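Quick caveat, the model's predicted, so the values are computed rather than measured.
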Number of protein chains: 2
Amino acid sequence: MKQFTVGKLSSEAEINVETVRYYESIGLMPKPKRTESGYRVYSEADLGRLKFVKKSQRLGFTLKEIKELLFMRIDEETTCRDLKEMAEQKIKEVDSKIRELKKIKKALEILASQCHSSGPKSECPILENLEK
Amino acid sequence: MKQFTVGKLSSEAEINVETVRYYESIGLMPKPKRTESGYRVYSEADLGRLKFVKKSQRLGFTLKEIKELLFMRIDEETTCRDLKEMAEQKIKEVDSKIRELKKIKKALEILASQCHSSGPKSECPILENLEK
DNA sequence: CTTGACTCCGTAGTATGCTACAGCCCTTAT
DNA sequence: ATAAGGGCTGTAGCATACTACGGAGTCAAG
């Protein structure tokens with residue numbers, strides 16, 4: 001069974017050593033076994049966990065939510081449906097962010113289109129609009 | 001010419017008093033005149049500036065960028081075109097965020113669709129996928 | 001056996017944008 | 001006159017997610 005030092009683990013997961021320690025401090029990574037001299041010793045399962053964290057993060061989950069996902073992963077009470085709900089909740093959040101950004105984009109486009117890059121700045125419709 | 005205390009100003013702009021002071025500390029709001037007893041005194045122009053900040057913020061500009069916008073607003077060298085470029089740059093940023101979120105949304109939807117909310121959690125495709 | 005890379009710990013700093021608090025002074029209404 | 005409700009300052013805290021640093025001990029290669 002493979003074992004890793006914190007440096008190996010973090011390079012495998014393409015993550016900073018400090019970040020691994022940080023994750024440990026907030027309970028996202030478990031407290032690992034130690035060598036006699038105090039060095040952290042990680043297993044393949046720990047690497048999997050770290051990758052789980054990274055992947056979840058890329059999907060827009062916060063560390064707090066990932067902590068919950070990790071708990072659900074081992075919790076007896078958690079059902080498949082619970083996990084699906086978690087994903088669907090996140091979809092809703094992402095979707096509402098998208099809609100908000102689209103509104104912002106539209107507003108900016110209107111602003112930009114009103115300005116013809118000529119004339120004195122004092123009459124620039126962008127400034128005029130922002131000042132309203 | 002209307003004058004405001006910090007409390008009046010902040011309630012007019014629907015912003016926290018502390019936030020106004022914070023904006024002053026980072027140079028986003030100017031150091032206002034003071035009464036003899038040291039109270040801040042604001043003008044209508046200051047209120048306009050505060051609203052400018054709020055509106056820009058709603059359009060996705062960071063405080064740092066707003067600081068620049070405020071500078072451009074009074075800078076002689078700044079042209080209308082510069083402002084338009086600033087807006088277009090922000091449009092690009094917003095657009096790239098939207099595209100990123102759409103990717104995330106799609107990935108989450110695939111994840112959720114694979115799970116039929118039944119069967120043991122140990123075989124939940126959501127977990128399986130996240131563990132890869 | 002030495003040297004350099006790695007690890008340890010705790011604390012503090014970064015970035016963003018506020019928000020809260022303590023202990024005091026000032027203003028305004030009753 | 002007094003009390004409530006502002007306002008003042010400086011510092012610290014919150015939330016998120018790291019990143020850096022100092023001063024030490026440890027391990028492995030040559």
Could you tell me if B:T78 and B:D75 have a donor-acceptor pair between their side chains, going purely by distance under 3.5 Å?
yes
Testing the basics here: between [X] and [Y], what is the closest heavy-atom pair and its distance to 0.1 Å?
X      : Y      : answer
B:E24  : B:P32  : OE1-CD, 3.5 Å
B:Q114 : B:P125 : O-CG, 3.2 Å
A:S43  : A:D46  : N-OD2, 2.9 Å

Mind running a 4.0 Å heavy-atom check of residues 10-34 of chain B against DNA chain C and sending the residues that fall below it, in number order?
B:N16, B:E18, B:T19, B:Y22, B:Y23
Heavy-atom check, side chain of [X] versus side chain of [Y], under 4.5 Å:
X     : Y     : answer
A:L50 : A:Y23 : yes
B:I66 : B:F71 : no
A:T35 : A:T5  : no

Should the pair A:E12-A:K51 be classified as a salt bridge under the 4.0 Å nitrogen-to-oxygen rule?
no
For the pair B:K103 and B:E100, find out whether any cationic side-chain nitrogen is under 4.0 Å from an anionic carboxylate oxygen.
no
Span of DNA chain D engaged by chain A, first through last nucleotide within the 4.0 Å heavy-atom cut-off, is D:dA17 to D:dC27
Would you indicate what B:T35 reaches in the nucleic acid, counting non-hydrogen atoms under 4.0 angstrom: base, sugar-phosphate, or nothing?
nothing
Remember a base hit wins even if backbone is also touched, and classify B:Q57 as base, sugar-phosphate or nothing at under 4.0 Å, heavy atoms.
sugar-phosphate
Between B:S37 and B:L63, the residue closer to the 5' end of DNA chain C by nearest nucleotide is B:L63
Bounds of contact between DNA chain C and chain B, in 5' to 3' order, using a heavy-atom cut-off under 4.0 Å:
C:dG17 to C:dT27
B:Y39-B:V17 co-clustered via ILVMFWY side chain contacts under 4.5 Å
no
